[in-house]
Amino acid sequence: MTADIVARRYAKALFAIGQGRGDAELEAYGKDLAAFAEVLAGDPELLKLFRNPIFSIEEKKAITGRILDLLKPCQTIKNFCFLLADKKRLAWLPEIEAYYAVLLDQAKGVVRGELVTAVELPDARQEAVKKQLAAQLGKELVLDFSADAGILGGVVLKVGDKVLDASLRAQLNAMKEQIKRGE
């Protein structure tokens, strides 16, 4: 199975368990998973170890147990991580956590996006843009801002799986293509 399929199945299963226990549990599961994924992101050797078939399941569970002792997650997440170790899926925990976060955002009605501008926007302008876009979407919006001088001007907005490229670079490229076609 591909990592995406595995991540979706396990994330959906954990999410279903959390839904049965309430919104607070869903949030707690997400935070605990994110903390474990952060540990793995901070030490890529751990991911290599979890993928390596030379190490036994018991050795992987022992390492997982030490990490969990430091993080102190809820019992359900501990059991979930040990289940992943038993099923040889521990190396997919970052992908599972990422998909769980997507499910959590959907449940809370949160949309994530990114706005790229040619120059850095002041904080007041960022807030105004965020409020206006959130009002248009009718949902809570978590928007990351970044600057890329390569777009020359305008904006590139990515929200969910949609992209609006209103940059000067995109407009110049479109004109260039029109000229090539003789339009």
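Here the structure is a predicted model, which means the values were calculated and not measured. Starting from 1, each residue takes its place in the sequence as its number. Values reported hereafter were calculated over all heavy atoms of this structure, with side chains retained and with hydrogens, waters and symmetry mates removed.
Within the 4.5 Å cutoff, side-chain heavy atoms of L71 are placed close to those of F36. Side-chain atoms of L157 and L133, non-hydrogen and from C-beta on, do get closer than 4.5 Å to each other. Looking at N52 and K48, their side chains never come closer than 4.5 Å, going by heavy atoms from C-beta outward. Side-chain atoms of L33 and P73, non-hydrogen and from C-beta on, never get closer than 4.5 Å to each other.
For the pair L49 and K60, the tightest heavy-atom approach, listed with the atom from each and the gap, is O-CE, 3.5 Å. In terms of heavy atoms, I57 sits closest to K88 at CD1-CE, 3.8 Å. The minimum heavy-atom distance between A118 and I151, with the atom names listed, is N-CD1, 3.5 Å. Contact between K130 and L141 at its shortest, heavy atoms only, is CE-O, 3.0 Å. Taking both residues in full, the closest heavy atoms of L90 and L40 are given as O-CD1, 4.5 Å, listed atom of the first, atom of the second, then distance. In plain terms, the two heavy atoms of L121 and R125 that are nearest each other are CD2-CG, 4.1 Å.
Ring geometry for F80 against Y10 counts as perpendicular: the plane angle is over 60°, on a 0 to 90° scale with 30° as the lower cut.
By the 6.0 Å contact criterion, CG on N173 is enclosed, its count of non-hydrogen atoms from other residues, nucleotides or ligands being greater than 12.
Between K108 and E27 there is a salt bridge, since at least one side-chain N of the basic residue sits less than 4.0 Å from a carboxylate O of the acidic one. A salt bridge links K61 with D86; the closest basic N to acidic carboxylate O contact falls under 4.0 Å.
Under a hydrophobic-cluster definition in which Ile, Leu, Val, Met, Phe, Trp and Tyr are linked whenever side-chain heavy atoms come within less than 4.5 Å, directly or via other members, Y99 and V6 are assigned to the same cluster. Note on L83 and L14: same hydrophobic cluster, where clusters join Ile, Leu, Val, Met, Phe, Trp and Tyr whose side-chain heavy atoms are under 4.5 Å apart, directly or indirectly.
Distance check: W92 CH2 to R51 CZ gives 8.0 Å after rounding to the nearest 0.5 Å. R8 CZ to I5 CD1: the interatomic distance, rounded to the nearest 0.5 Å, is 9.0 Å. Taken to the nearest 0.5 Å, the CZ atom of F15 stands 8.0 Å off from the CD atom of Q106. S167 contributes atom OG, which lies 7.5 Å from atom CG of L152 (distance to the nearest 0.5 angstrom).
Side-chain atoms of E25 and Y29 form a donor-acceptor pair, as typed in the model, at a separation below 3.5 Å.
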